[in-house]
Visitor: 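Next up is a structure, given as C-alpha cells.
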Amino acid sequence: QVQLVESGGGLVQSGGSLRLSCAASGSFFSINIMGWYRQVPGKERELVATITSGGSTHYADSVKGRFTISRDNAKNTVYLQMNSLKPEDTAVYYCNADVGVFTVTYSWHDYWGQGTQVTVSS
C-alpha cells in the first residue's frame, strides 16, 4: 500500500508565499513522475507542475515564474514553493505520483494524496 501525505496548505494574503510538501510512504520500488494538481468546486482538476525522477520540470502557464516544484528522492518527497500568490490560485491542491510496486509482478500505478486547501485572500 502506498500513501501520499500532503502538508503546508493554509490561508495567505495576495502576494504571499506558501510551501507545500508531499511525502510518499509504503512499499514500492521506485517513483517516476511526481506532480501537483489543483481543483476548485465545479471545475476539473488541473495540472500545476510535474517533476521527473531526474529533475525535469513542467509547469502550467498560469504558474510559470511564480511556482517552483522540486523533489528529494532520498525522502520520496515533492515540494511546491508558491510565490506571488493570487486569489485565483485558491484551490484544493493534490499531490500525484507514478509509483512502481511489486505484487505478483512489477507494475506502475497512479496515486493521489488527500488534498490540502490553499486560500489566497485579496
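Everything numeric in this text was worked out from a predicted model, so none of it was measured.
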Visitor: Hydrophobic side-chain clustering at under 4.5 Å (ILVMFWY, transitive links): who's grouped with Tyr37? Put none if nobody.
Guide: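 For the cluster that includes Tyr37, the remaining residues are Leu47, Val92, Tyr94, Trp112.
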
Visitor: Tell me if a side-chain donor or acceptor on Gln39 pairs with a main-chain N or O of Glu44 at a distance below 3.5 Å.
Guide: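 No.
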
Visitor: Quick check: does any side chain N or O of Thr77 sit under 3.5 Å from a backbone N or O of Lys75, one acting as donor and the other as acceptor?
Guide: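 Indeed, once roles are kept as given, a pair shorter than 3.5 Å links the two residues.
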
Visitor: Minimum heavy-atom separation for Ala49 to Leu80, with atom names?
Guide: CB-CD1, 4.4 Å

Visitor: Let's go through Val118 and Leu20 carefully: what are the C-alpha distance in whole Å and the side-chain angles of both, what is the deciding distance for side-chain contact (heavy atoms from CB on, under 4.5 Å) to 0.1 Å, and is it a yes or a no?
Guide: CA-CA 9 Å; Val118 171; Leu20 306 182; 4.1 Å; yes

Visitor: Go through the steps to decide whether Ser121 and Val12 satisfy the test side-chain contact (heavy atoms from CB on, under 4.5 Å), and finish with yes or no.
Guide: CA-CA 6 Å; Ser121 64; Val12 65; over 6 Å; no

Visitor: Which pair of non-hydrogen atoms, one from Asp61 and one from Lys64, has the smallest distance, and what is that distance?
Guide: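 Residues Asp61 and Lys64, closest heavy atoms: OD1-NZ, 3.1 Å.
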
Visitor: Identify the residue among Asp89, Leu11, Leu85 that makes a side chain to side chain contact (heavy atoms under 4.5 Å, CB included) with Leu18.
Guide: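 Answer after filtering Asp89, Leu11, Leu85: Leu85.
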
Visitor: Is a side-chain donor-acceptor pair under 3.5 Å present for Ser56 with His58?
Guide: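 Ser56 and His58 do not have a side-chain donor-acceptor pair below 3.5 Å.
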
Visitor: If Ile, Leu, Val, Met, Phe, Trp and Tyr residues are connected whenever their side-chain heavy atoms lie under 4.5 Å apart, and connections chain through other members, are Tyr79 and Ile33 in the same group?
Guide: no

Visitor: If we ignore hydrogens and angles and just use 3.5 Å, is the side chain of Arg45 paired with the main-chain N or O of Arg38 as donor and acceptor?
Guide: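 Answer holds: no.
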
Visitor: How far apart are the C-alpha atoms of Asn76 and Phe28, what are their side-chain angles, what is the distance that settles it, and do they pass the side-chain contact (heavy atoms from CB on, under 4.5 Å) test?
Guide: CA-CA 11 Å; Asn76 298 312; Phe28 52 88; 3.6 Å; yes

Visitor: For the pair Val48 and Phe67, evaluate side-chain contact (heavy atoms from CB on, under 4.5 Å) and give the outcome as yes or no after the intermediate values.
Guide: CA-CA 9 Å; Val48 176; Phe67 291 11; 3.7 Å; yes

Visitor: Quick one: closest heavy-atom pair of Met34 and Ile69, and the distance?
Guide: O-CD1, 4.1 Å

Visitor: Using a cut-off of 6.0 Å, state whether more than 12 heavy atoms not belonging to Glu88 lie near its atom CD.
Guide: yes

Visitor: List the atom of Gln117, the atom of Thr90, and the distance in Å for their closest heavy-atom pair.
Guide: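 Reported closest heavy-atom pair: NE2-CG2, 4.0 Å.
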
Visitor: Tell me which one of Asp98, Val99, Ile31 satisfies side chain to side chain contact (heavy atoms under 4.5 Å, CB included) with Tyr111.
Guide: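 So, applying the side chain to side chain contact (heavy atoms under 4.5 Å, CB included) to Tyr111 and each of Asp98, Val99, Ile31, only Val99 qualifies.
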
Visitor: Over all heavy atoms of both residues, which pair between Ser53 and Arg71 is shortest? Give the atoms and the distance, please.
Guide: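 Between these two residues, the closest heavy atoms are N-NH1, 3.2 Å.
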
Visitor: What pairs meet the side chain to side chain donor-acceptor pair (under 3.5 Å) rule with one or both residues in residues 19-30, with sequence neighbours excluded?
Guide: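 Of all non-adjacent pairs touching residues 19-30, none passes side chain to side chain donor-acceptor pair (under 3.5 Å).
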
Visitor: Is it the case that more than 12 heavy atoms not belonging to Phe29 sit under 6.0 Å from its CZ atom?
Guide: yes

Visitor: Ignoring hydrogens and angles, state whether a donor on the side chain of Asn83 or Ser17 is under 3.5 Å from an acceptor on the partner side chain.
Guide: yes

Visitor: Check whether Val120 and Val63 end up in the same hydrophobic cluster, where Ile, Leu, Val, Met, Phe, Trp and Tyr are linked by side-chain heavy atoms less than 4.5 Å apart.
Guide: yes

Visitor: Identify the heavy atoms of Ala24 and Leu4 that sit nearest to each other, and give their distance.
Guide: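 Closest approach of Ala24 to Leu4: CB-CD2, 3.5 Å.
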
